[in-house]
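Accompanying notes for the structure given below.
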Amino acid sequence: MTDSRPVLTMTGISKSFPGVRALHDVNFRLFPGEVHALMGENGAGKSTLIKVLTGVYDTDAGTITLADEPVSFTGPMQATAAGVSTVFQEVNLCTNLSVAENIFIGREPRRLGAVRWAEVRRRARALLARLDLDLDVSAPLGSYSLAIQQMVAIARAIDIQARVLILDEPTSSLDAGEVAQLFRIMRQLRDEGIAILFVTHFLDQVYEIADRITVLRNGGLVGEYLTAELPQLSLVEKMIGKELDVLEGIEEHARRDLAALEEGTPLVAVSNFSRAGAVEPFSLTIHSGEVVGLAGLLGSGRTEVARLLFGADRTDGGQVAIDGTASSLRTPAQAIDHGVGFCSENRRAEGIVADLSVRENMILAMQAARGWLRPIPRRRQDELVDKYIKALNIRPADPEAPVRNLSGGNQQKVLLARWLITEPRLLILDEPTRGIDIGAKTEIQKLVAQLSDGGMAVLFISAELEEVLRLSHKVAVMRDRQMVAQLANDDSLDADRIMQTIASGSHREEADR
Amino acid sequence: MTTGSLTAPRTRFRLPRRQIPVLATLALLLVMYGIGVSQYTAFSNVQVIFNVFIDNGFLLVVAVGMTFVILTGGIDLSVGSVVAMTAMVSAALLQNGMPAALVLVIALLIGPTLGLLMGCAIHFFEIQPFIVTLAGMFFARGMCTFISGASIPITDGFWTSMSQERIGNPAGNFVSISVLIAFAVVAVAAYTLAYTRLGRNVYAIGGNPQSALLMGLPVGRTRIAVYTISGLCSAIGGILLSFYTLSGAPLIAVGMELDVIAAVVIGGTVLTGGAGYVFGTVLGVLVLGVIQTLITFDGSLNSWWTKIVIGGLLFAFILLQRLIGIRYK
Amino acid sequence: MYISKQPDQNSLGVVLTALAMAMGVSLVLGAWNGVLVAVIGIQPIIATLILMVAGRGLAQLVTEGQIITINSEPYRAIGLGHALTLPLAIFIALAAALLVAAFTRRTALGMIVESVGGNSEASRLAGIRSGRVVFLVYVVSAACAAVAGFMMTANVSSADGNAAGLWVELDAILAVVIGGTSLAGGRFFLSGTIIGALIIQTLTTTVYAMNISPQTSLLFKAVVVIAVCLIQAPAFRARFRRRRRGTPPPVAIADKPKEQVPA
Ligand SMILES: Nc1ncnc2c1ncn2[C@@H]1O[C@H](COP(=O)(O)OP(=O)(O)OP(=O)(O)O)[C@@H](O)[C@H]1O
Ligand SMILES: [Mg+2]
C-alpha cells in the first residue's frame, strides 16, 4: 500500500488571508487505497488546505500534483471533474432542493438533455439505502435535520466516480450508528483503491479508520505518521504543542447527589409539551444547578425538545412553570426574559451572523435582552469579549474580525460565548462541542461543570454518550420522538444501559419521576 | 452498536407544500374574475380573457425572463428600457428600408448582448446586480432618445400583418400572433427550468450560491446565462410591443420593470431566489391584467382614483394570497 | 411627501402644524408598510409597491390633480433659505444624516438591524424581536421621506401630486448601493450612502451644467455609475493590479474571482 506512488502531493503550500497566515509551507501526500487523517486544533488550517486543494482558494505558493500531473484547479467544479470529490465542512447543500436533487445536481441522468426525474429518484433511494437511510427523496432537504443533511452530503460525494475522496468533519453531528455505516463504506472505497482524506476531532475515530495521520499546528506542518506508530497521547501532544490536562474532577461532578439537587421548586417544569410531527408530549423538570443530558439517536427528537423549551417552535399544548409559577415560553425573546439561553446545533443557519464581527456576535443576545435603547457600553463589551476569547481560546484573538473568517470550531466557540455572556439560569446546549478540538472541548466541559456548580441549570445534548454521561446529573432518553425514560446518573448508569434503553424504549419503571 | 435502519423522520420546518402559493394565486384569480363577471355582464365574454393576453403578451414574455433572474436571487432593472430600445431600433431600421428579416435578427441580438455584458460585469467584477442593471437601464433608455427624440411609426408589411393577423374561432373570438409567441416562450422556459441542468442550477444558485459553488456547479456561467436570457426575453418583448403599437417610441415602457417584478413576485417567486415557477409568473401577469381590465370596464374613475383602486385591489389580492398561504402551512 | 397647504398663511404656527400633520401621515404610512412586511409577511417589494401606486393616487386625490402653489414664506425657507451663507437645505440634510447616525450607532439599533439583515433566523434565536425592528425601519424610512418631501416641495414652492418624487426611489436605492451597502442586507454604511447621494446629485447637476443634451445624459449617467462601481469593486482592482504586475491570468476561467466561502 505504502510503496506505491502517491496519487496526490501538495508541496510547500502557503496561504495567507489579510492578517492571518493560515498555511505556511505545508507538505501533504495521499496514497491510493489509504485513509489519511488530517488532524489539528481549531484554526490549524485543515479546511484551508482542503480548499486550496480543490481550488476554492488560490495558493500563495506551492505546487499540487494529482497522479503525477501538476494541477491548479479553479474551483470545485474542475476538481470534481478531475476525480477529487469533496464534502466540505458544514453542510454545503441547497435546502430548497429535494434530497434526490441535492445528490445528483450537476450530473443528473439525462435523455436528450432532459433530466430523467424518475431515474434520479430511483438512484437516490438506492444510494441512500447503501447508507442505511430511508428518506422521502422528493422532500426538500431543508425539512430534514442537520445530521441527515450531512449524510446526504456524504451520499453525494461517494457517488461521484473519484480517485480522491475528501471528507472535512463529516461525522461532527452523526451518531455512532451512522458513523459505523460511513466507516463501512469508507473501508469499501479504500479497498477499491480510492484515496480518502478524513478530518475529525474524534480521536477514537481516527484510530479506528485511519492508516496514516498528518498533523497541522498553527498553519504549519508538524509531521506525517503511521497511525500504528503514534500513540494517542503523543498525537494530542503534537496537535496542541503541549500535554493535555486530563478530565479528572469532572467525573466526580456529575455523580453528585441528585436528590439534594432536586429539592425545592424546580427552575423550569414543563408538562405535556408536544408538537405535531416533532415530539410526542413529554414532561421534564430542571432544577437550578442541575445538568440534564438528553440522549437519543439521530432524529429521535432531541433538538425538537430543546427548541420547544426555548420557544423557537410553538408547542401544541402543555404547561410550563418557572420557579413554580405558571408562565409561557412562546418566543425566544420570552424565553430569554425568563433566563433561558439556547445554543443551536446548526451554527451556520441559526447561529452566527456571518457579516458581523466576533464582538458583535458575542454580545448579540445580551444586547437583544437589554433592548436597542440601552446599548452595552463599549468598555463593558470589550471586557466581556476579551474574557471569553481567552477562556475559550478563540483564534485569531481579534474581536473585530468578521465571524465568517473564523474556522468552524472557532465560530462554535463564539456562539457559546454569546450565551455564556447572558448568564442564563437555564442554558440549553445543542451539540455545543460539535466540531470543537479536544483541548477546547475539555475547556467547555469544565466550564459547564463550573457553571452548574454556580447554580446554573443546563440541558445538554450531544451525540457523544460519554460526554453526556460525564456531565449530566440525570439523563433523559429520547426514542422515536418520545421521551421514554429519565435516568439518574448514578453508578449503575453507563453508555451501554442508555443504549439498551434507547433500543428497547421500555424502561419507564426506571424513570425517577 | 446496532441501530438498524433509520426511518428518518421529517423534522422541523415543515415547508409549505410547494405548490400551495401557486394554487392559492390561481384560486384568487378565478375569484377575481368571478367578481368581474358578476359586476359587468360583458366581462363573461371569452374575448375579454383573450384581450388580457393580447394586451399583456409582451409583459408576459419579459416577466418570464425576469423569473430566471429572480430565481437566482438577482434582479434585472433594464428590462423596460431594453424593450423600448428593441422597438426603437426596429422602427428606425425599418424606416431606413432594411428588410424585415434582417431587422428581426438585429433587434433580437441587441437584448441578449446587453444581458451578457451585464451578466459578465455582475459575475467577474462582483458588482451588485441592482447597480449593473440600473446602469444598463440608463444606457438602453439613453440609446432610445439617442436614436430619436420622437416616436417612429412602422409601416413595414411584415409588421402590419403580424399586428393585424387574428387567429380565432368562428364565434369571433381571437388572439394575436403575439399571444402564441408568448405562450411558446412560456412553454420553453417552463421546460428549461424543470428539465435541464441550466434550469436546476438556477434554483440551486438561488437557494445558496456558496453551496452551489462548493457542489461544483457552474455558478458563473449560470449567472451570466440568466441575464442573457432575460435580455433575450426583453428583446422578444420589444418586438411584440412593436407589433402591438406599430411604432417605436423613446419613452414607451417606462417603469415597466416594476410591473414585471411585481408580476413575478405575485406569482409566488421569492425575491431572494430559489423558489418559484414560470406558471406562477403567468398568473401574476394575469392578475395585473385583470385588475387593469376591471378598471377599464368601470371607466368612471379619474386618474388618481384609478391608482388608488389598483393599489387597493393589489393589496386585497396579496393579503388574501398570504393568508391562504399561512393557513396551509 | 405630499403637503396640501390650504391655509397659506405666513404664520409660523400654521406651517408647523402643517409639517407636523404631514409628518404624522408619513409615519402612519410607514407603519402600514411595516405591518405588511413584519406582521403579515408580504415580500417587501410588493408591500411597498402597493403604496407606491396608491400613495401617488392619494396624493392626487388630496390635491385634486392640481399642482398646489405654496406661498408661505417660512415654508419656502426650508428649500430656499440660507443660514451662514449656506443653503438651509444642506443643514437639514446634514441634520437628518447625523440624527440617523446617532439613532443607529449611539444606540444598539444599528447592530441589531445589521444582524436581522444578515441572518434573521439566527437573530430571532438570539432573542431579537425582528418584527419590531423591521417595523421600525419602515417608519424611519417614511419619516426621512417626509423630510425629503418638505425640502422638495419647498424648493419649487409647489406640490405636484403626480410628478413630485417620481423615480426618487431608484435614485435613493442607487445611492445606498453605491455607498457599499448590499441589497441583500447586512452591514450598512451611512457615510457611504451620503457619498453615494452626493455622487448622484453631482452627476445630475453636471449633466445640467455641462449642457449635455438630454439624449446623452442618460448614457453619461450609465457610464459614470459603472465607472464608480468598477473602481470600488475589489475584484476589479485585484485584476487590474495583477495585469500591471505583468502576470497575465493563466486561462480565461482561471481568472474567475474566488468566492468567499465561510469555513
Ligand atoms: N476566508 C478567510 N478569511 C480570513 N481568514 C480565514 C479565512 N478562512 C480561514 N481563515 C483563517 O485561517 C485559519 C485556518 O482556518 P481553517 O478553517 O483552515 O481551520 P481548521 O483547521 O479547519 O479549523 P476547524 O477545526 O475549526 O474547522 C483560521 O485562523 C481562520 O481564522
Ligand atoms: Mg475546518
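Every heavy atom of this structure was used, including side-chain atoms; hydrogens, water molecules and symmetry mates were not. Treat the numbers as computed from the prediction; the structure is a model and nothing was measured. Residue numbering restarts at 1 for every chain, and letters A, B, ... go by the order of the sequence lines.
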Can you see which heavy atom on B/N208 is nearest to which on A/L93, and at what distance?
ND2-O, 4.2 Å
If you round to the nearest 0.5 Å, how far is CG of B/L214 from NZ of A/K51?
6.5 Å
Measure from the side-chain N and O atoms of A/W117 to the backbone N and O of B/Y195, and report whether any donor-acceptor pair falls under 3.5 Å.
no
Side chain proximity check, B/T196 to A/V115, heavy atoms < 4.5 angstrom
no
A/A114 and B/Y191: which non-hydrogen atoms are nearest, and at how many Å?
CB-OH, 3.0 Å
For the atom pair SG (A/C94) and CG (B/L217), what is the distance rounded to the nearest 0.5 Å?
7.0 Å
Nearest 0.5 Å, please: how far is OG in B/S211 from CD in A/E90?
10.0 Å
If you tally heavy-atom pairs under 4.5 Å between each of A/V87, A/N102, A/T54 and chain B, the highest tally belongs to A/N102
Does a salt bridge link B/R197 with A/E108, judged by any charged N lying under 4.0 Å from a carboxylate O?
yes
Chain B heavy atoms under 4.5 Å from A/R156: which part of the residue, side chain, backbone, both or neither?
side chain
Under the side-chain contact (heavy atoms from CB on, under 4.5 Å) criterion, do A/L97 and B/R200 qualify, and how do the steps go?
CA-CA 9 Å; A/L97 303 182; B/R200 302 322 297 174; 4.2 Å; yes
Heavy-atom pair count under 4.5 Å with chain B, highest-scoring of A/G113, A/S85, A/A312, A/A129
A/G113
Closest non-hydrogen atom pair between A/N96 and B/Y203, with its separation:
ND2-O, 3.2 Å
For each of B/G206, B/A204, B/A212, tally heavy-atom pairs with chain A at distances under 4.5 Å, and name the one with the top tally.
B/A204
Give me the atom names and distance for the closest heavy-atom approach of A/N92 to B/M215.
O-CG, 3.5 Å
Where on A/D175 is there a heavy atom nearer than 4.5 Å to chain B: the side chain, the backbone, both, or neither?
neither
Evaluate whether atom CZ of A/R125 has more than 12 neighbouring non-hydrogen atoms of other residues, nucleotides or ligands under 6.0 angstrom away.
yes
